Amino acid sequence: MQANLYSEAEIIKGCQQNDRFHQEILYRRFARKMYGICLSYAGDRSLAQDMLQEAFMKIFKGLRDFRSSGSLEGWIRRIVTRTAIDHLRQLSRIESFIDDKQEIPETQTEASALDMLQTKDILKQVARLPEGARAIFNLFALEGYTHKEIARELNISEGTSKSQYNRARTLLMAWIIETNT
Amino acid sequence: MTSFDKWYKHSIESRQEDPPEALWDAIQNDLDVEQVWTRLDHALPVNNKKPFYTILAVAASLALLISAGIWMFNRPENVMPGISTPSLAEYKLNSMERMAVGPLGVIHDRNIIIRPKEIMITTTESLVSQWPAFTDMPSYTHISRPPAFVSYAEPDRQTLLAERSLPSSERSLYADIDFSEDARKKNTSWQIGVTGQLANTWMVNTKTMEGLQSDHLTTTNATFGNNIGLHATWILNQRYKIKNEWQILSRTGQSYQEYINGQYVATSLDLNYINTAILFYYHPFEKKRPHAVALGLYAGMLQEATRQKDGDIERITGDYASFDYGLLLGYEYEHRLNKGFSLSSGIYTRYGLTNIFAGNQIVPAYLNQTRNAAFLLSFSLNYQLQ
């Protein structure tokens, strides 16, 4: 299926009419990217698939009232992110953070050195982070949320958001470099 | 956002891993269910007026019961049980006239029973000539009145007993009253009769209560039944009586409109019982004695239970418990007729204390807790045994 042959407007209109063909086009066009986002939040494939399934059901229902004032991808991504956070919240995992006592290695990575890093095990390293810290890091690094917005979204303090993000980033860098050396 | 963050974002977003194909199948299944339900919801006839008619029926029943109660309560005073209905019309006497009738002079105004009897009222002058001691009686009241046939106020028993030395000629006025002390205590009597009831019945369970909600697909309909029985009443005294009632036909049930196998059909449950009840009555108002409140217990034995679904009747006696029992609460008004007969009308409420659903192969008893309840409009024809 050539999902890219159809315009967004056409896909939206078809989905609003509950046309299965256009619904599949929408799914094929965005599923891969959104699956990657879900994996970064979930830490395992099973949970990521549950998140993605629920997110797309919300997307198809929400399209009935969708007004194309903004980017379709941005709108879909927001739904996927919120769904992922809600899932973690329901599982009572959203409040698991990096312990203060955990040793954080000192790592300095040059920008040029990043190019040498491989991404094949990145999800495996992300999965090592506690769910709460992982969510904070993804919201900041993937979605571009500010710490104030993250604090409001997760019902934590801005200070906790900053500290957890810094810890998570440092740990991730260290783990990724470790696996690549 | 640091360089690491940007690298991380790019890495995640550029991943070339597709979700498994089974995920799209699962999403399609969810979409199918969603679309079918939406079509069903729009296509099936839901009774949008269901709460209106149900509420209207209940309100009409309550209005009728309350109106009947108010009408009965505001009726003119009636005579006490055990005393025959006046054959002559009662005259409304003012307090002065009530107080000064008859040869005894003093007549206490309390507990007065209006009882018509033809007598001759004597004036004070003639009273004095006949009863020289009359003027010595306390609270002597003069009255000047030509002789006339009027209803007179029977004096209370205390006053009568104080005047045991009535001449025999005057005693005839009170011939049917026993002046002895024992007679004052001997107020008990018996009454038998037949009873008919119109009942608004309810089988109180989760399904019935959900059917009263406007957004529920099942509709609960107001259900009515008839009860017929006999009773025997022991009248203890002017205030209390105990009634034992046997209802040879006592029906309870509930009707619904619900979806079964995709069709919106009428269903009803009918349970026939033989009931017995014992009720304790109390007359709370001194002057309005025909009014009584009742509290009691009932017990019933199930004879048959049926379910009617879209015209088909199915016996389901085994799904319901053989015995039921509960509480009764009510109000009654008794209207005296002639020659010992009286007509009672009352409003009662009945509530079962046990789960009448015994369970079946599909639903166990504890998952469908059901109680019998009813609002009853009752009529009895009674006969006073001498």
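Chain letters run A, B, ... following the sequence lines, proteins first and then strands; every chain starts at 1. What you are looking at is a predicted structure, and each value in this text was computed from that prediction instead of being measured.
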Problem set entry | Under 4.5 Å from any heavy atom of chain A - which part of B/Glu17 | both

Problem set entry | Side chain to side chain, B/Trp202 and B/Thr252, heavy atoms closer than 4.5 Å | no

Problem set entry | Toward chain A, the part of B/Gln28 with a non-hydrogen atom under 4.5 Å | both

Exercise. Heavy-atom distance under 4.5 Å to chain B: side chain of A/Phe140, backbone, both or neither?
Worked result: both

Exercise. Charged N to carboxylate O below 4.0 Å: is that the case for A/Glu8 and A/Lys13?
Worked result: no

Problem set entry | Heavy-atom contact with chain B under 4.5 Å, split by part of A/Glu54 | neither

Exercise. Going by atom types only, do B/Asn205 and B/Thr208 share a side-chain donor-acceptor pair under 3.5 Å?
Worked result: yes

Exercise. Does one side chain, of A/Asn138 or B/Tyr8, offer a donor that lies under 3.5 Å from an acceptor on the other?
Worked result: yes

For this session: With a 4.5 Å cut-off on heavy-atom pairs, point out which of B/Ser14, B/Pro20, B/Pro19, B/Ala22 contacts chain A the most.
Result: B/Pro19

Exercise. Which answer fits A/Leu172, side chain, backbone, both or neither, if we ask what part of it has an atom under 4.5 Å from a heavy atom of chain B?
Worked result: both

Exercise. With distance as the sole criterion, is a donor-acceptor pair present between the side chains of B/Thr306 and B/Glu314 under 3.5 Å?
Worked result: no

